[in-house]
Visitor: 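Here you go, one structure.
Just so we're clear, the structure is a prediction, and the values are computed from it rather than from any experiment.
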Amino acid sequence: MPDTPLSPITQSPVRSRVVLLPALFLAELVALALLFQILTPVECHMTALPLACRGLRGVALGLICVAAVVAVYLWAARTARRDLVAMLRSADPSWPWRMLHIAGIIVMLLPLLIPPQSGLNAAFGLLFAALASGALMAGIGALFWMARPAAWRAWLSGRTHTLLWLIAAAAVMPMLADAIAPLWYWQKLTEATFAVVALMLLALGEVPVGDPATQIIGTGDFIVAVADSCSGIEGLALITAFMALYAVLFRGTLRMGRFWGVVWPIALVLSWLLNAVRITLLIEIGAHVSPQLAVNGFHSFAGWLFFIILSLAVLIAASRIGWLQSGAPRRATSPLAEDEIAARIVPFIVFMASGVVAQTFWQVPALAYPWQAAAMVAALWWMRRPLWQIVRRPAALAVLAGAGIGVLWVLIAPEAEAAPIALGGAAFAAWAATRLVGTALLVPIVEELFFRGYVQARIDDGTPLRRVAAIALSTALFAALHGRWVAAGAAGVVFSLLYLWRGRLADAIAAHAAANMVIAAAALWYGDWSLI
């Protein structure tokens, strides 16, 4: 039976807006903060506007906290969540708001393109103006891209006071973290943290050196002075604040004694251990990858992001433990995990996001491929129910066509330009196995779900003009993702035609997988990982 790929997309064209737009805006916020944290050499104390410089960092952290707090509120307030979903689904977005948002993002990115980067400290006034105006444009555009002003006024009616105190609570979180920062200088806490860090470094084959009395620790190649601002101690405040918010919002169904007596201490221990892991990673990156990447990439901003994620993970786990609930148990399965449209999009978003993380935190991004493979496996497993209905038995012709594409790809490949992978022995074997499996099995599923299963199906309404446009756009996007865009474009056309042949996405996936298997085998045989 054919997939009938067009009907699920055309029947609910705005359904994906409910999840994808907020996720897009949050991802943009995190990406911008990380980009300016890592790629620019701006030091607030070296600028003419140090308070404004520190304020920008505070605003970014505050907005991330606000997003997390509002997410917890919507999780608890079913009526507010239902009304918001209905508003987003019925929204009629206007192009000017979209363009305003995109223009704001471009304005904020402009300072990254202005050489020399070393002069940004002196020109911080211009940088601040671009970031502030761009953030205002992007924020207003994002808000009204999701729904028009009148729709937001209707949704906020009766909820304004609750949201205001929640936003105020989120704004207080950074101040609360600063208030407990001196706790880092409590000798017992510093000694215990450094002892765990030293054990982790020993497990990694390093010889740790340090002095807890002066908060210095590292190895012979890289030593850091861990001040209170980058100690990660703020994680204890963050996780406590989020748990307090959760307790207030779920006070009618939560067993408070068990929650505060059991879950809170466990969460504090997890936060402390995460802090030790973060310091260990900082030292390892500084010693073996890049000192600048270590100091900037894993400084306080990345720590905040990690601790917020940990806080939300603890709350999600607590919500699913019946022992903590006094009311009816909640559903264990998220509706998003059963949405067929989301199943075509979410794995690709995870794949791309993991690539951004690899580019940000690894000096040689290829070495992060196991992390990317794990992220893809997790996304595909989460969406497995709708995917089981989409991915069916392919035709033998599709496999043969894909193998032919793989052979041609190898034959016309240019000479290798990529540097060899700097791993040896078992580490290289594990990396290579992960790369081969990811290339041959995971990537074809993730990319075909999105490019053919979503983009092509979303545009194609059966008319000749729309069908040609669907093939052209999905192929162009597919080719843009690959370095050899002409060869990738030709392969994309074949995959699109195979999808149209029987209306089965499995045929496109099988062809893509067969092509990648041939390419991966050639890469392994020749030792030329640039092929993939």
Visitor: Go through Thr240 and Leu268 one step at a time and tell me if the side chain to side chain contact (heavy atoms under 4.5 Å, CB included) criterion holds.
Guide: CA-CA 8 Å; Thr240 301; Leu268 291 180; 3.7 Å; yes
Visitor: What verdict does the side chain to side chain contact (heavy atoms under 4.5 Å, CB included) test give for Leu249 and Val72, after you've listed the backbone C-alpha separation in whole Å, the side-chain angles of each residue and the deciding distance to 0.1 Å?
Guide: CA-CA 8 Å; Leu249 294 174; Val72 175; 3.8 Å; yes
Visitor: As a test of understanding, state which of Val377, Leu387, Val346, Val350 forms a side-chain contact (heavy atoms from CB on, under 4.5 Å) with Trp382.
Guide: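 For Trp382, the side-chain contact (heavy atoms from CB on, under 4.5 Å) test succeeds with only one of Val377, Leu387, Val346, Val350, which is Val346.
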Visitor: Leu201 versus Glu284: any side-chain heavy-atom pair under 4.5 Å?
Guide: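 Yes; the side chains approach each other to less than 4.5 Å.
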Visitor: Between Leu442 and Gln372, is a side chain to side chain contact (heavy atoms under 4.5 Å, CB included) present by the stated rule, with each step listed?
Guide: CA-CA 10 Å; Leu442 300 177; Gln372 291 185 268; over 6 Å; no
Visitor: Is there a side-chain contact between Phe242 and Val69, using heavy atoms and a 4.5 Å cut-off?
Guide: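 With C-beta onward as the side chain, the pair touches.
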Visitor: Which heavy atom of Met146 sits nearest a heavy atom of Phe25, and at what distance?
Guide: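 Result for this residue pair: CG-CE1, 3.7 Å.
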Visitor: To the nearest 0.5 angstrom, please state how far the CG atom of Leu281 sits from the CG atom of Leu204.
Guide: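 Between Leu281 CG and Leu204 CG, I get 8.5 Å after rounding to 0.5 Å.
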Visitor: Got a donor-acceptor contact below 3.5 angstrom from the Arg384 side chain to the Trp381 backbone?
Guide: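 Here the side-chain-to-backbone pair exists.
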Visitor: Phe451 and Phe348: aromatic ring centres closer than 6.0 Å?
Guide: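 When the ring centroids of Phe451 and Phe348 are compared, they turn out to be within the sub-6.0 Å range.
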Visitor: Are the side chain of Arg435 and the backbone of Tyr369 linked by a donor-acceptor contact shorter than 3.5 Å?
Guide: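 It does not hold such a pair.
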Visitor: Answer yes or no: is there a donor N or O on one side and an acceptor on the other, between the side chain of Thr434 and the main chain of Ala430, under 3.5 Å?
Guide: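 Checked: pair present.
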Visitor: Kindly compute the distance separating CG (Leu84) from OG1 (Thr79), expressed to the nearest 0.5 Å.
Guide: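 Taking CG in Leu84 and OG1 in Thr79, the distance rounds to 12.5 Å.
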Visitor: Would you say the rings of Phe259 and Tyr246 are close, in the sense that their centroids are separated by under 6.0 Å?
Guide: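 Close enough - the centres of the two rings lie under 6.0 Å apart.
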Visitor: Flag the pair Ile223 / Ile217 as yes when at least one side-chain heavy-atom distance between them is below 4.5 Å, and no otherwise.
Guide: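 A side-chain contact is absent here, since even the closest heavy-atom pair is not under 4.5 Å.
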Visitor: Going by heavy atoms in the side chains, are Ile279 and Thr193 under 4.5 Å from each other?
Guide: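 When only atoms from C-beta onward are counted, Thr193 and Ile279 do touch, with a gap below 4.5 Å.
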Visitor: Atom CG of Leu380 and atom CG of Leu449: how far apart are they, to the nearest 0.5 Å?
Guide: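 That separation rounds to 7.0 Å.
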Visitor: So which heavy atom on Pro444 is nearest to which on Ala440, and how close?
Guide: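 Distance-wise, the nearest heavy atoms are CG-O, 3.5 Å.
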Visitor: Tell me if a side-chain donor or acceptor on Thr439 pairs with a main-chain N or O of Leu436 at a distance below 3.5 Å.
Guide: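 The answer is no, because no donor-acceptor pair under 3.5 Å joins these two groups.
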Visitor: Identify the heavy atoms of Val196 and Ala276 that sit nearest to each other, and give their distance.
Guide: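 Distance-wise, the nearest heavy atoms are CG1-CB, 3.7 Å.
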Visitor: Is there a side-chain contact between Leu202 and Pro208 (heavy atoms, below 4.5 Å)?
Guide: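 Leu202 vs Pro208: side chains touch.
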Visitor: Check whether any side-chain heavy atom of Val262 sits under 4.5 Å from a side-chain heavy atom of Trp323, and report yes or no.
Guide: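 When only atoms from C-beta onward are counted, Trp323 and Val262 do touch, with a gap below 4.5 Å.
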Visitor: Given side chain to side chain contact (heavy atoms under 4.5 Å, CB included), test Met376 with Val443 step by step and report yes or no.
Guide: CA-CA 8 Å; Met376 286 188 282; Val443 171; 4.1 Å; yes
Visitor: For Met108 and Ala130, which heavy atoms make the closest approach, and how far apart are they?
Guide: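 Shortest heavy-atom contact: CG-O, 4.2 Å.
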Visitor: For the residue pair Ala80 and Arg159, what are the closest heavy atoms and their distance?
Guide: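 Of all heavy-atom pairs spanning Ala80 and Arg159, the closest is CB-NE, 3.4 Å.
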Visitor: Look at the rings of Phe450 and Tyr454 and say which category their plane angle falls in: under 30° parallel, 30 to 60° tilted, over 60° perpendicular.
Guide: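 Taking Tyr454 first and then Phe450, their aromatic rings lie parallel (interplane angle under 30°).
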Visitor: Can you tell me how far CD1 of Ile140 sits from NE2 of His101, rounded to the nearest 0.5 angstrom?
Guide: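 His101 atom NE2 to Ile140 atom CD1 measures 12.5 Å (nearest 0.5 Å).
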Visitor: Looking only at atom types and distance, does a side-chain atom of Arg258 sit under 3.5 Å from a main-chain N or O of Leu324, one as donor and one as acceptor?
Guide: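 A pair under 3.5 Å: no.
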Visitor: If I compare all heavy atoms of Met256 with all of Ala247, which pair ends up nearest, and what's the gap?
Guide: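 Where Met256 meets Ala247 most closely, the heavy atoms are CE-O, 3.1 Å.
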Visitor: Within a strict 4.5 Å, meaning less than it, do heavy atoms of the Val107 and Ser133 side chains meet?
Guide: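 A side-chain contact exists here, since the closest heavy-atom pair is under 4.5 Å.
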Visitor: When rounded to the nearest 0.5 angstrom, what is the spacing between CH2 in Trp145 and CG in Leu24?
Guide: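 The CH2 atom of Trp145 sits 6.0 Å away from the CG atom of Leu24.
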Visitor: Is there a side-chain contact between Arg81 and Tyr73 (heavy atoms, below 4.5 Å)?
Guide: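 Not in contact.
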Visitor: Could you measure the distance from the CG atom of Leu310 to the CG atom of Leu273? Nearest 0.5 Å is fine.
Guide: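 It comes to 10.0 Å.
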